[in-house]
Peer 1: 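First, the structure itself, so that you have it in front of you.
Nothing here was measured: the structure is a model prediction, and the numbers come from that model.
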Amino acid sequence: MKVAVTSATGKLGAVIIEALKHYIPSSDIIGTRRKPAKGAHLGVEMRKGNYVLQKDFEEALTGVDTVLKRQTESVSNELIPLWISPDFF
């Protein structure tokens, strides 16, 4: 199953990607952001995704089964606990 995480290089997006790596192979995780090259350090496939450009997201989500979309609002510096139900997969 391919899972896409929007705003992958943001504070929350990066935490979500790291948490997902404990449950599914990195090869099944896709990060999206406006400039995908800046997400290379995450160790997952990065695709161009811009909330304003529908075509970008249509291409970025090709072959994706599940999308984890996060708000673009800022996130505090507190640790954000992430629990993923085993039934999710």
Side-chain angles (χ1 to χ4, degrees):
M1 173 190 343
K2 295 279 187 182
V3 177
V5 178
T6 66
S7 301
T9 58
K11 291 178 183 178
L12 182 57
V15 169
I16 290 171
I17 286 176
E18 290 305 314
L20 282 172
K21 288 180 182 179
H22 294 283
Y23 296 94
I24 61 175
S26 295
S27 60
D28 286 342
I29 303 170
I30 297 167
T32 69
R33 65 163 283 136
R34 287 178 285 172
K35 297 178 182 176
K38 292 191 175 187
H41 66 284
L42 295 171
V44 299
E45 178 183 349
M46 293 296 299
R47 297 182 184 176
K48 184 178 181 182
N50 186 333
Y51 289 124
V52 183
L53 303 174
Q54 181 178 348
K55 183 180 177 191
D56 277 2
F57 266 100
E58 288 174 358
E59 292 176 9
L61 300 180
T62 299
V64 170
D65 301 298
T66 302
V67 177
L68 298 176
K69 182 193 176 295
R70 63 170 221 83
Q71 297 295 335
T72 57
E73 299 169 11
S74 62
V75 177
S76 72
N77 289 330
E78 298 175 25
L79 178 63
I80 301 165
L82 179 66
W83 180 81
I84 301 174
S85 167
D87 297 333
F88 177 76
F89 303 101

Peer 1: Measuring from Lys2:NZ to Leu61:CG, what's the distance to the nearest 0.5 Å?
Peer 2: 13.0 Å
Peer 1: How about Gln54: does its CD atom have over 12 heavy atoms from other parts shown lying under 6.0 Å from it?
Peer 2: no
Peer 1: Do Leu68 and Tyr23 land in one hydrophobic cluster if side-chain heavy atoms of ILVMFWY residues count as linked below 4.5 Å?
Peer 2: yes
Peer 1: Without placing hydrogens or testing angles, list every side-chain donor-acceptor pair under 3.5 Å for residues 30-38, not counting sequence neighbours.
Peer 2:
residue: Arg33; atom: NE; partner: Lys35; partner atom: O; Å: 2.6
residue: Arg33; atom: NH1; partner: Thr9; partner atom: OG1; Å: 2.4

Peer 1: Can you give the donor-acceptor pairs under 3.5 Å from side chains of residues 43-50 to other protein atoms, not counting sequence neighbours?
Peer 2:
residue: Glu45; atom: OE2; partner: Arg47; partner atom: NE; Å: 2.7
residue: Glu45; atom: OE2; partner: Arg47; partner atom: NH2; Å: 3.2
residue: Arg47; atom: NH1; partner: Ala60; partner atom: O; Å: 2.6
residue: Arg47; atom: NH1; partner: Thr62; partner atom: O; Å: 2.8
residue: Asn50; atom: OD1; partner: Val52; partner atom: N; Å: 3.0

Peer 1: Could you note down all residue pairs passing salt bridge (Lys or Arg N to Asp or Glu O under 4.0 Å) where residues 59-68 supplies at least one of them, sequence neighbours left out?
Peer 2: Lys55-Glu59
Peer 1: So which atom in Val64 and which in Thr66 form the shortest heavy-atom distance, rounded to 0.1 Å?
Peer 2: CG1-O, 3.1 Å
Peer 1: For residues 13-22, please give each side-chain donor-acceptor pair under 3.5 Å, one per line with the distance, not counting sequence neighbours.
Peer 2:
residue: Glu18; atom: OE2; partner: Lys21; partner atom: NZ; Å: 3.1
residue: Lys21; atom: NZ; partner: Leu42; partner atom: O; Å: 2.5

